[in-house]
Structure formats: structure tokens, C-alpha cells
Amino acid sequence: MGKCVSITNEKGGVGKSSITFSTIWEISKKKKVLVIDMDSQRANLTFIAGVPKDESTLTMYDIIVKKKPIKKAI
């Protein structure tokens with residue numbers, strides 16, 4: 001079974017995306033990593049990771065509220 005790590009803070013601008021990206025970058029050198037960006041604005045982490053920001057990119061809002069299949073988001 002895998003491990004789960006969560007980096008959270010309700011205040012914006014405290015470096016969550018940068019810390020998260022640096023952490024997953026290092027872990028991904030040795031293990032497979034799934035990152036779930038919960039920022040509804042498709043902001044920093046998705047951008048830093050190089051995921052295109054377009055209408056075809058599903059967000060957690062699409063999964064939870066609009067009931068889109070999670071496999072399509074992954």
C-alpha cells in the first residue's frame with residue numbers, strides 16, 4: 001500500500017506549491033507519484049508541473065461536483 005502526504009495551509013502565498021513540487025520531484029526519482037492539485041483555480045502547482053491549462057483539463061471540482069470520472073482526470 002502507498003503512503004499519502006498532504007501539504008496544506010489556508011493562507012495563500014506561503015509556498016505550498018513550490019514545496020510540494022520540490023518534494024514530489026525528489027520522491028519521483030525513486031517511486032511513482034500521483035499528485036492531486038486541489039487548487040480550484042488551476043494555479044501554481046499544475047503550471048509548475050507543466051500541465052497545460054485548457055478546458056480539457058479536469059479539476060477536482062469536475063470530479064466532486066460535476067461527477068466526472070476520476071480516471072479521465074488522471
Side-chain angles (χ1 to χ4, degrees):
M1 180 175 258
K3 294 184 180 183
C4 179
V5 176
S6 175
I7 299 173
T8 182
N9 189 321
E10 59 189 52
K11 183 180 181 323
V14 295
K16 295 179 299 290
S17 297
S18 300
I19 290 168
T20 301
F21 186 78
S22 296
T23 301
I24 62 168
W25 181 264
E26 289 302 316
I27 294 171
S28 71
K29 291 178 181 178
K30 296 183 180 181
K31 300 182 180 212
K32 287 186 176 184
V33 178
L34 171 64
V35 179
I36 301 173
D37 187 355
M38 296 292 287
D39 187 339
S40 61
Q41 299 174 24
R42 297 183 193 158
N44 295 328
L45 186 58
T46 302
F47 176 77
I48 292 169
V51 175
K53 183 180 176 181
D54 59 33
E55 294 307 312
S56 67
T57 305
L58 295 179
T59 66
M60 287 307 295
Y61 179 84
D62 296 314
I63 305 303
I64 295 168
V65 177
K66 295 183 177 180
K67 308 292 186 198
K68 300 285 183 177
I70 195 164
K71 287 188 176 190
K72 286 190 175 190
I74 295 171

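- Put simply, Ile70 and Val65 are part of the same group of oily side chains (I, L, V, M, F, W, Y) that touch within less than 4.5 Å, one to the next.
- Across every non-hydrogen atom of Pro69 and Ile63, the tightest pair is O-CD1, 3.8 Å.
- There is no path of hydrophobic side-chain contacts, each under 4.5 Å, that joins Ile36 to Val5.
- For the salt bridge (charged side-chain N to carboxylate O under 4.0 Å, His left out) test, residues two or more places apart in sequence or in another chain that qualify with Lys66 are Asp62.
- The heavy-atom pair separating Ile64 from Lys67 by the smallest distance is O-NZ, 3.4 Å.
- What you find for Ser17 and Ile48 is that their closest heavy atoms are CB-CD1, 4.2 Å.
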Under 3.5 Å, sequence neighbours excluded: what are the donor-acceptor pairs made by side chains of residues 20-27?
unit_1	atom_1	unit_2	atom_2	d
Thr20	OG1	Lys16	O	2.7
Ser22	OG	Ser18	O	3.0
Thr23	OG1	Ile19	O	2.8
Glu26	OE1	Lys29	NZ	3.4
Glu26	OE2	Lys29	NZ	3.1

